[in-house]
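Take a look at the structure set out below.
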There are 2 protein chains.
Amino acid sequence: MRPIQAASDQNDISVEPSDPGYRAILNGSDIPTAYKIGYILNFYREPSFRAIETEFGLTRPEIVILLALHFRDGITASEFCEFSGHLKAGVSRAVIALEKKGLILRRTDKSDNRRQHLFLTEAGRELYSRYIPALKAREQAMLACLSARERKQFDQLLDKLAAHVPQWGSLSEL
Amino acid sequence: MRPIQAASDQNDISVEPSDPGYRAILNGSDIPTAYKIGYILNFYREPSFRAIETEFGLTRPEIVILLALHFRDGITASEFCEFSGHLKAGVSRAVIALEKKGLILRRTDKSDNRRQHLFLTEAGRELYSRYIPALKAREQAMLACLSARERKQFDQLLDKLAAHVPQWGSLSEL
DNA sequence: TTGAATTGGTCTCATATAAGACTTTTCTAT
DNA sequence: ATAGAAAAGTCTTATATGAGACCAATTCAA
């Protein structure tokens, strides 16, 4: 869990990306880009999500569903599966649990009785608003080492990568 | 699992990052950058890792340990925990399993009997060489939409972000 | 129409994982 | 030297998860 060096004594030192110590760790892999993304995201997401799990009694997919509903209220479970990559069994379990906790509502689609649209309840919104600040703060901390220009570049590159996921994400032969 | 659109019929269309459909999905979140990284990485990693799990009978941490040993042979379990963010209990289980399968060796540190250095065996290397090509191919597919210049930019930004992880990764208050 | 295939969602079972207690070894202060 | 604290790694238990079977509603083709 703890990163390779304590943070305390280097808050204002700008470590160069070419620093040999870090390169050795991060760039020696056969899949350097994927490895680094994974490294960064693990440290962003795991501690946050673990904290939310224990503090609020939610599971991983439950957290992500609330996150998604907050900006795409009314989606169905299978739509969520499609754009999130989660497995439908897990999503189904999470949806049942979230409804039982009163955090979401399910409304059966009028024109297709199989589909259920999901909506945040007030309680769901309220819970979300209690855990999102920590995630936001942690995102800011993660990006703090980038200049405004670099952040914009980074976001644009991510937008481009994300937009192209459909072109390779489902290629099972890879 | 399946992305939001089939890949087949748009292989040569360059979707703009500002495309409203994608923006709606990806940029509406309160944590847009983290969300997009997670989205991209999920689609990269989950299918690959699931395939490796079932084909080679490895667990997630076992896969990652082999990956790490391949460019940092001889590290100890706790060093791996530090730079990977994995929990030590899971790593311990994985290490025991990997040794039992003959994929790694453990050598107790001469000067500290608590520590065990981990080394790939020939069988470990061989197994690694059977699953890494798919991961590499998938990384290439993921990055295919970026120009050479954009990829370089992206990697540099990731290097910078990765180098700074120690400054915030362990901040439990976030 | 009606029967086959597909899709959305649930359930079951076997496995993987998180959390934290525990053991052994080493480090640190006196 | 020695006690107390910390660190490396293991184990246990309770929970979460993945895979695939399953059911019901819908679509499609003849």
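Residue numbers begin at 1 in each chain, while the letters A, B, ... track the order of the sequences. Here the structure is a predicted model, which is why all the values come from computation and not from measurement.
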Look at all strands and tell whether [X] reaches a base, only sugar-phosphate, or nothing, counting heavy atoms closer than 4.0 Å.
{"X": "B:E53", "answer": "nothing"}
{"X": "A:S92", "answer": "base"}
{"X": "B:T59", "answer": "sugar-phosphate"}
{"X": "B:A89", "answer": "base"}
{"X": "B:R60", "answer": "sugar-phosphate"}

Side-chain donor-acceptor pair under 3.5 Å between A:T108 and A:N113, yes or no?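 There is no such pair between these side chains.
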If you measure only the distance, is there a donor-acceptor pair under 3.5 Å linking the side chains of B:Y35 and B:D30? no
Side-chain N or O of A:T76 versus OP1/OP2 of C:dG8: is the shortest distance under 4.0 Å? no
Relative to the 5' end of DNA chain C, which residue comes earlier, B:K88 or B:R114, by the nucleotide with the nearest heavy atom? B:K88
Nearest-nucleotide 5' precedence on DNA chain C, B:N113 against B:P61: B:P61
Under 3.5 Å donor-acceptor pair, A:R93 side-chain atoms to D:dG18 base atoms: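 Answer is yes: a donor-acceptor pair is held.
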Integer-rounded Å distance: [N] [atom2] and [X] [atom1]:
{"X": "A:K110", "N": "D:dT26", "atom1": "NZ", "atom2": "C1'", "answer": "18 Å"}
{"X": "B:L58", "N": "D:dG18", "atom1": "CG", "atom2": "P", "answer": "17 Å"}
{"X": "A:I63", "N": "D:dT15", "atom1": "CD1", "atom2": "P", "answer": "17 Å"}
{"X": "A:I52", "N": "D:dA16", "atom1": "CD1", "atom2": "P", "answer": "15 Å"}
{"X": "B:K100", "N": "D:dT10", "atom1": "NZ", "atom2": "P", "answer": "11 Å"}
{"X": "A:I104", "N": "C:dG9", "atom1": "CD1", "atom2": "C1'", "answer": "13 Å"}
{"X": "B:Q116", "N": "C:dT24", "atom1": "CD", "atom2": "P", "answer": "15 Å"}
{"X": "A:R50", "N": "D:dA16", "atom1": "CZ", "atom2": "C1'", "answer": "13 Å"}

When rounded to the nearest 0.5 angstrom, what distance separates CG in A:L41 from CG in B:L41?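 A:L41 atom CG to B:L41 atom CG measures 5.5 Å (nearest 0.5 Å).
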How do A:S111 and A:G57 order along DNA chain D: which one's closest nucleotide is nearer the 5' end?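 That would be A:G57.
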By nearest atom, which of the nucleotides D:dA8, C:dA19, C:dG8 is closest to the A:R115 side chain? C:dG8
From the candidates C:dA18, D:dG9, D:dA19, the one with an atom nearest any side-chain atom of B:L87 is C:dA18
Applying the side chain to side chain contact (heavy atoms under 4.5 Å, CB included) criterion to B:L103, which one of B:L69, B:I65, B:L98 satisfies it? B:L98
Less than 6.0 angstrom from the centroid, inside 45 degrees of the normal: does B:R72 satisfy that with respect to the ring of B:F80?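 Judged by the rule, B:R72 and B:F80 form no cation-pi pair.
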